[in-house]
Chemist: 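One structure, pasted below without further comment.
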Amino acid sequence: KAGVTQTPRYLIKTRGQQVTLSCSPISGHRSVSWYQQTPGQGLQFLFEYFSETQRNKGNFPGRFSGRQFSNSRSEMNVSTLELGDSALYLCASSIRLAGGHEQFFGPGTRLTVL
Amino acid sequence: QQQVKQSPQSLIVQKGGISIINCAYENTAFDYFPWYQQFPGKGPALLIAIRPDVSEKKEGRFTISFNKSAKQFSLHIMDSQPGDSATYFCAASPPRSSGTYKYIFGTGTRLKVLA
């Protein structure tokens with residue numbers, strides 16, 4: 001079974017631009033979560049989607065948004081990029097198990113804002 | 001109440017030694033505690049996980065010890081190898097009844113195993 005895929009793997013943007021990142025979850029997984037990873041802050045939760053609905057949202061400004069499509073693929077968008085948005089953006093797909101649920105992470109998209 | 005505190009921030013261990021990473025949580029509603037291993041340039045990979053009704057879980061050289069009363073859990077890596085050199089994250093998950101799969105992550109421990 002293929003893992004979580006994220007595209008693109010690397011992005012370089014300048015301040016003020018916007019960016020869209022894409023995530024394809026593991027087949028059969030309906031939940032997709034997004035995290036921002038930086039050296040100083042670790043893994044910070046951005047938002048979670050389940051069956052095309054945002055189920056939870058982290059403490060990020062409104063410049064960060066996302067959506068999920070009917071095939072469970074998800075996109076996140078960051079508008080008006082700032083230098084501090086440079087980070088590794090990770091997508092995780094989840095499946096419910098008898099004892100809980102497990103999250104499987106993709107390789108991430110490395111975003112650099114100049 | 002949503003924090004997970006992880007220590008140490010970094011750890012250097014000799015090959016064959018035991019690596020121990022600790023995490024503490026506050027929210028007693030958390031009911032699933034996974035550990036992730038991350039190599040440079042890769043996403044985190046699930047290593048081992050435990051539920052609070054179990055005090056210990058072992059998979060190969062990796063063991064989770066869980067102390068529910070102290071709200072602490074730890075990862076032990078026995079016979080540490082240079083290939084174990086990576087960053088390790090603990091996490092905690094709200095109960096299924098919360099309707100979310102959101103994880104709260106610790107800040108990570110960078111492990112280096114010397115050959």
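In what follows, chains carry the letters A, B, and so on, assigned in the order in which the sequence lines appear, proteins first and then strands, with residues in each chain numbered from 1.
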Chemist: Check each atom of A:Q44 against the heavy atoms of chain B and say whether the ones under 4.5 Å are side chain, backbone, both or neither.
Modeler: neither
Chemist: Taking side chain as everything from C-beta outward and backbone as N, CA, C, O, which of these in A:E48 sits under 4.5 Å from a heavy atom of chain B? Side chain, backbone, both or neither.
Modeler: side chain
Chemist: Only pairs of heavy atoms separated by less than 4.5 Å count here; which of A:S33, A:S31, A:G108, A:G42 has the most with chain B?
Modeler: A:S31
Chemist: Are A:F105 and A:Y35, when compared by the centres of their aromatic rings, separated by less than 6.0 Å?
Modeler: yes
Chemist: Is a side-chain N or O of A:Q68 found less than 3.5 angstrom from the main chain of A:R30, in a donor-acceptor match?
Modeler: yes
Chemist: Chain A heavy atoms under 4.5 Å from B:Q38: which part of the residue, side chain, backbone, both or neither?
Modeler: side chain
Chemist: Please list, in residue-number order, every residue in residues 11-23 of chain B that has a heavy atom less than 4.5 Å from any heavy atom of chain A; write 'none' if there are none.
Modeler: none
Chemist: Given heavy-atom pairs under 4.5 angstrom as the criterion, report whether the side chain, backbone, both or neither of B:K102 touches chain A.
Modeler: both
Chemist: Any salt bridge linking B:K57 with B:E59? Criterion: basic side-chain nitrogen under 4.0 Å from a carboxylate oxygen.
Modeler: yes
Chemist: Do any pairs count as a ring-ring contact (aromatic ring centres under 6.0 Å, His included) and have a residue in residues 62-82 of chain A, sequence neighbours left out, and if so which ones?
Modeler: A:F60-A:F64
Chemist: Backbone N or O of B:I77 within a donor-acceptor pair of the B:R61 side chain at under 3.5 Å?
Modeler: no
Chemist: Salt bridge or not for A:K13 and A:D85, using N-O below 4.0 Å?
Modeler: no
Chemist: By a 4.5 Å heavy-atom criterion (distance strictly below it), what part of A:L90 contacts chain B: side chain, backbone, both, or neither?
Modeler: side chain
Chemist: What part of B:P44 gets closer than 4.5 Å to chain A, counting heavy atoms only: side chain, backbone, both or neither?
Modeler: both
Chemist: With sequence neighbours left out, which residue pairs that include part of residues 105-114 of chain A fulfil the side chain to side chain donor-acceptor pair (under 3.5 Å) condition?
Modeler: none
Chemist: With a 3.5 Å cut-off and no angle check, do the side chains of B:S65 and B:N67 form a donor-acceptor pair?
Modeler: no
Chemist: Quick one: name the residues clustered hydrophobically with A:Y10, using the 4.5 Å side-chain heavy-atom rule over I, L, V, M, F, W, Y, and just say none if it's on its own.
Modeler: none
